[in-house]
Amino acid sequence: MAGHVATNEDSMSSPAIFTDWNDTHSALWSHQPLRLQHRLHEMPVFSKPALADLIDRYPREQYGLVHMGAAGQRRFWREGEIGDMPGAGVIDAIEKGRMWLNLRNVDTVDARYREVLDAMFAELAGRVPGFEPPEYTCGILISSPSAQVYYHCDLPGQHLWQIIGRKRVYVYPSSAPFVTPRHLEDIALFDVEVDMPYAPWYDAHAQALDLAPGQMLSWPLNAPHRVENLDCLNVSMTVSFNDESIRRLTKVNLANGILRHRFGYQPKSRAITGPSYWSKLLLQKAMRNTSWVKRERSSRRMVDFRLDAEAPGEIVELKVAA
């Protein structure tokens, strides 16, 4: 989705979204993890009643509900569905359970969030020379006290904006062994970010940053990270963006993943120009919607539980076809 490029008159019509920006932040943007202050948490559109109303009318194909293991326990990551539970009940169930609700592409579902997003990127374009990605989107994460998101990385550029509650984010270097080309290939091919290998010693090389309402975090492209909620309900907004180089890298990662997993060939290049790139562009275009790719992805994202309307915080097991 193309982003709106605002004029100076646009940016003057409402208060700035960032409240503590300085020239150092402009220099470090996209090169180092940055924790900055914002005012999104003060907007009515991010209140609990507004979020409950949003959940009530959210399209099924646009959300993901995840149940995960507790910190220090067996790792698992299961996908489920809301069922007929009203939005306020969903938030209550999440607050009493150990789950994440990810409302994807919220800017395409409700125009109010698109307005916030456009204002955000217009402001960034004025603060960071050359930073004007033509595509961006956002989602809303509602998550349980003490919930976690396992070690992973994202293919697009990413920000995390804290609205309600507190969390701790560990950001790792965007280089081997923390992330490798094969990790990125697998994410592009299988569409699952949390299957990356992780070892506890990685934490000695991470930056641990606590986020409170009114703070956001940005990090370099493909930097792995993991998240631990503190002992409270959390609401965050995730922002993803693409430019031409990121789009090309994603297509190369997908093509290389297909070469490795479907044809047994070990890719040697990640070039985003030249003959190698153009041949991989054709390969991923021909293969990305095939039954083989769909089968590989669906086997990793089965929906196998539903929220229990009779016991907030609990789940009902769903039968999964063999």
Side-chain angles (χ1 to χ4, degrees), residues 18 21 24-38 68 75 77 100 102 104 120-121 124 127-128 130-133 135-139 141 143 147-162 167-212 215-229 234 236-254 256-257 270 272:
F18 293 96
W21 195 287
T24 301
H25 299 141
S26 299
L28 293 176
W29 182 263
S30 80
H31 302 297
Q32 294 289 330
L34 284 178
R35 179 174 52 196
L36 301 169
Q37 305 292 321
H38 67 81
M68 82 295 295
R75 169 175 168 150
W77 185 269
W100 285 80
N102 182 8
R104 296 186 293 264
M120 177 190 302
F121 276 86
L124 283 167
R127 296 182 183 277
V128 183
F131 185 77
E132 296 187 51
E135 297 178 359
Y136 46 78
T137 187
C138 65
L141 297 174
S143 51
Q148 61 178 320
V149 173
Y150 297 125
Y151 183 85
H152 71 287
C153 78
D154 304 284
L155 298 181
Q158 288 274 316
H159 314 153
L160 183 65
W161 299 67
Q162 192 68 1
K167 57 168 39 83
R168 181 165 297 144
V169 184
Y170 296 81
V171 182
Y172 302 79
S174 53
S175 58
F178 307 100
V179 60
T180 68
R182 180 160 186 170
H183 297 151
L184 300 175
E185 294 165 16
D186 287 354
I187 293 169
L189 176 57
F190 301 129
D191 198 29
V192 177
E193 295 90 355
V194 296
D195 283 347
M196 291 177 64
Y198 163 78
W201 64 262
Y202 286 8
D203 289 0
H205 302 272
Q207 291 190 45
L209 298 143
D210 285 1
L211 289 185
Q215 294 181 315
M216 66 82 67
L217 186 61
S218 72
W219 51 80
L221 182 68
N222 301 149
H225 47 282
R226 65 182 184 88
V227 181
E228 295 178 349
N229 283 1
N234 271 245
S236 310
M237 185 170 77
T238 60
V239 173
S240 301
F241 59 89
N242 280 297
D243 59 19
E244 181 62 21
S245 64
I246 296 174
R247 283 197 301 268
R248 290 192 176 206
L249 279 171
T250 299
K251 291 173 181 177
V252 167
N253 286 325
L254 177 55
N256 283 351
R270 301 188 72 236
I272 59 173

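Heads up: numbering here begins at 1 and tracks the sequence. Computed from a predicted structure; not experimentally measured.
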| task | Would you check if the side chain of His205 reaches a backbone N or O of Asp203 as a donor-acceptor pair within less than 3.5 Å? | result |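 Such a contact is absent between His205 side chain and Asp203 backbone.
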Flag side-chain contact, heavy atom, 4.5 Å: [X] against [Y]:
X	Y	answer
Tyr198	Tyr150	no
Arg270	Asn256	yes
Gln162	Lys167	yes
Phe241	Ile246	yes
Leu155	Leu249	no
Asn234	Leu141	no

| Cation over ring, Arg226 on Tyr170, under 6.0 Å and within 45°? | yes
| From CA spacing to verdict: side chain to side chain contact (heavy atoms under 4.5 Å, CB included), Trp100, Gln148 | CA-CA 8 Å; Trp100 285 80; Gln148 61 178 320; 5.5 Å; no
Shortest non-hydrogen contact from [X] toward [Y]:
X	Y	answer
Pro220	Ser174	CB-OG, 4.3 Å
Pro133	Phe131	CD-C, 3.6 Å
Pro173	Val179	O-CG1, 4.2 Å

Enter the distance from [X]:[atom1] to [Y]:[atom2] here, rounded to the nearest 0.5 Å.
X	Y	atom1	atom2	value
His25	Leu124	NE2	CG	12.5 Å
Leu217	Leu209	CG	CG	5.5 Å
Trp161	Met120	CH2	CE	4.0 Å
His225	Asp154	NE2	CG	4.5 Å
Thr137	Arg104	OG1	CZ	11.0 Å
Asn222	Cys153	CG	SG	5.5 Å

Please report, to 0.1 Å, the donor-acceptor pairs under 3.5 Å made by any side chain of residues 26-36, with sequence neighbours excluded.
from  : atom 1 : to     : atom 2 : distance (Å)
Ser26 : OG     : Trp21  : NE1    : 2.8
Ser26 : OG     : Arg127 : O      : 2.7
Arg35 : NH1    : Asp210 : O      : 3.0

Under 3.5 Å, which donor-acceptor pairs link side chains of residues 181-190 to any protein atom two or more places apart or in another chain?
from   : atom 1 : to     : atom 2 : distance (Å)
His183 : ND1    : Thr180 : N      : 3.0
His183 : ND1    : Thr180 : OG1    : 3.3
Glu185 : OE1    : Arg260 : NE     : 2.7
Glu185 : OE1    : Arg260 : NH2    : 3.2
Glu185 : OE2    : Arg260 : NH2    : 3.3
Asp186 : OD1    : His261 : NE2    : 2.7

| task | Measure up the Tyr151 and Tyr172 rings against each other and bin them: parallel (under 30°), tilted (30 to 60°), perpendicular (over 60°). | result | perpendicular
| salt bridge (charged side-chain N to carboxylate O under 4.0 Å, His left out) with Arg247: which residues, sequence neighbours excluded? | Glu135, Glu244
